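One structure below.
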Amino acid sequence: MIEAVIFDMDGTLIDSEPMWQQAEKQVFTSLGVDVTDDLAANTASMTTIGAAEFWYQQSPWNGPSISQAADNVVSCVAELILQKGKALSGVHEALAYLSEKQIKIGLATNAPERLIPMVLNVLNIAHYFSVCCSSEDELSGKPSPDVYLSAAAKLNVTPEKCLAVEDSVTGLLAAKAANMRTLAVPSSAQFNCVQFAQADFKLASLAGLTSRHLIGA
């Protein structure tokens, strides 16, 4: 039986991917970078500092440091979350179900730590989470398993008894590297991506979470 469910945040709990895209375009365009949609697709699953390094490699700028530019992106995303942050379909139902089943709930995200309480409070779901971990505190972000392993350790549950919930292939790879069972909940645009076949389960919405996802193989 699964003892803990560990959620990704961006694109899994909150529809924040468009916010990150908007913030990146605003910040890096202001620095003279040509932020095309094709190139922006590469940064979707990166850490914030990783994305800033990517854009600097594309077009080095004068002025703010890479870390300052990354911080400007985070500040812009924070404003957008407060303005229009909404939970994705099924999030509240899934969390209530897990809480009722007394399953431990954790968070493992590539997003900066300061955004975590903001997202959980805006969505009114903070009370469900006993552990929250950011890749910002790890040596490497996803697809490295570090943040998932940290979350499992803090929950005091072995990785094999954890179910990781992810919307991205990068996050799925991180969870699999941590030796966790995996539930993919991709966006409609990514739902048929063949790489999600690696997941143990796949759902169109977290509203579909049931006991079958929590029973050991």
Side-chain angles (χ1 to χ4, degrees), residues 6-88 91 106-126 128-129 131-148 150-151 154 164-171 173-175 187:
I6 303 175
F7 290 85
D8 170 54
M9 187 171 76
D10 290 307
T12 300
L13 298 177
I14 183 172
D15 187 19
S16 53
E17 299 299 344
M19 301 178 195
W20 283 100
Q21 292 169 9
Q22 181 179 335
E24 277 194 28
K25 191 156 195 170
Q26 181 177 317
V27 170
F28 295 112
T29 298
S30 73
L31 294 172
V33 181
D34 183 14
V35 182
T36 65
D37 290 342
D38 285 346
L39 285 174
N42 292 295
T43 67
S45 298
M46 293 182 183
T47 61
T48 316
I49 193 71
E53 289 169 347
F54 173 85
W55 289 117
Y56 187 80
Q57 288 169 4
Q58 299 303 312
S59 180
W61 59 76
N62 295 316
S65 66
I66 290 174
S67 61
Q68 287 171 329
D71 194 58
N72 290 342
V73 172
V74 175
S75 295
C76 186
V77 171
E79 290 179 16
L80 293 170
I81 287 169
L82 291 174
Q83 289 170 17
K84 52 186 180 181
K86 291 181 180 178
L88 284 160
V91 167
L107 186 78
T109 178
N110 263 357
E113 191 169 359
R114 70 180 169 110
L115 290 184
I116 295 174
M118 184 177 297
V119 168
L120 299 189
N121 289 330
V122 164
L123 303 187
N124 193 28
I125 57 174
Y128 289 114
F129 291 83
V131 163
C132 295
C133 296
S134 165
S135 291
E136 192 173 54
D137 301 318
E138 308 292 343
L139 289 175
S140 301
K142 301 173 188 178
S144 163
D146 297 9
V147 70
Y148 272 114
S150 290
K154 289 180 180 179
V165 184
E166 276 284 352
D167 72 299
S168 73
V169 173
T170 299
L173 293 174
S187 66

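Quick note: numbers below take in every heavy atom, side chains included, and nothing from hydrogens, waters or symmetry partners. Source: prediction; values computed, not measured.
- Under the 30°/60° scheme for interplanar angles, the aromatic rings of Phe129 and Phe7 are found to stand perpendicular.
- Here the closest heavy-atom approach between residue Ser134 and residue Ala111 is recorded as OG-O, 2.6 Å.
- At a threshold of 4.5 Å between non-hydrogen side-chain atoms, the residues Thr47 and Glu53 do not count as touching.
- Every residue two or more places apart in sequence or in another chain that forms a side chain to side chain donor-acceptor pair (under 3.5 Å) with Asp71 is listed here: Arg114.
- Once rounded to the nearest 0.5 Å, the distance linking CG of Asp167 with CG of Leu13 reads 9.5 Å.
- The heavy-atom pair separating Cys132 from Leu120 by the smallest distance is SG-CD1, 3.7 Å.
- Residues Trp55 and Leu39 are in side-chain contact: their nearest non-hydrogen atoms beyond the backbone lie under 4.5 Å apart.
- Checked by atom type and distance alone, the side chain of Ser16 never pairs as donor or acceptor with a backbone atom of Met19 at under 3.5 Å.
- Taking every heavy atom of both residues into account, Ala151 and Ile6 meet most closely at CB-CD1, 3.9 Å.
- Within the 3.5 Å criterion, the main-chain N or O of Gly171 finds a donor-acceptor partner in the side chain of Ser168.
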* From CA spacing to verdict: side-chain contact (heavy atoms from CB on, under 4.5 Å), Lys25, Asp37 -> CA-CA 9 Å; Lys25 191 156 195 170; Asp37 290 342; 4.2 Å; yes
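- Leu88 contributes atom CG, which lies 9.5 Å from atom CD of Glu17 (distance to the nearest 0.5 angstrom).
- Asn110 CG to Met9 CE: the interatomic distance, rounded to the nearest 0.5 Å, is 10.0 Å.
- In this structure, Leu80 and Trp20 have side chains that are not in contact, with every pair of non-hydrogen atoms separated by 4.5 Å or more.
- Rounding to the nearest 0.5 angstrom, the gap separating the CD1 atom in Ile116 from the SG atom in Cys133 is 7.5 Å.
- Summarising the geometry, atom OG1 belonging to Thr109 is positioned 8.5 Å from atom CG belonging to Leu115; distances are rounded to the nearest 0.5 Å.
- Tyr148 and Ala164 make their closest contact through CE2-CB, 3.6 Å (heavy atoms, listed as atom of the first residue, atom of the second, distance).
- The CE atom of Met118 sits 4.5 Å away from the CG atom of Leu82 when rounded to the nearest 0.5 Å.
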* **Test side-chain contact (heavy atoms from CB on, under 4.5 Å) applied to Leu31 and Tyr56, step by step** => CA-CA 10 Å; Leu31 294 172; Tyr56 187 80; over 6 Å; no
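- Here the closest non-hydrogen pair linking Ile14 and Gly85 is CD1-CA, 3.9 Å.
- Contact of the Leu139 side chain with the Ser144 side chain is not registered, since no non-hydrogen atoms from C-beta on lie closer than 4.5 Å.
- Residue pairs meeting the salt bridge (charged side-chain N to carboxylate O under 4.0 Å, His left out) criterion with at least one partner in residues 135-147, sequence neighbours excluded, are Asp8-Lys142, Lys142-Glu166.
- Closest approach of Ala23 to Val77, counting heavy atoms only: CB-CG2, 3.5 Å.
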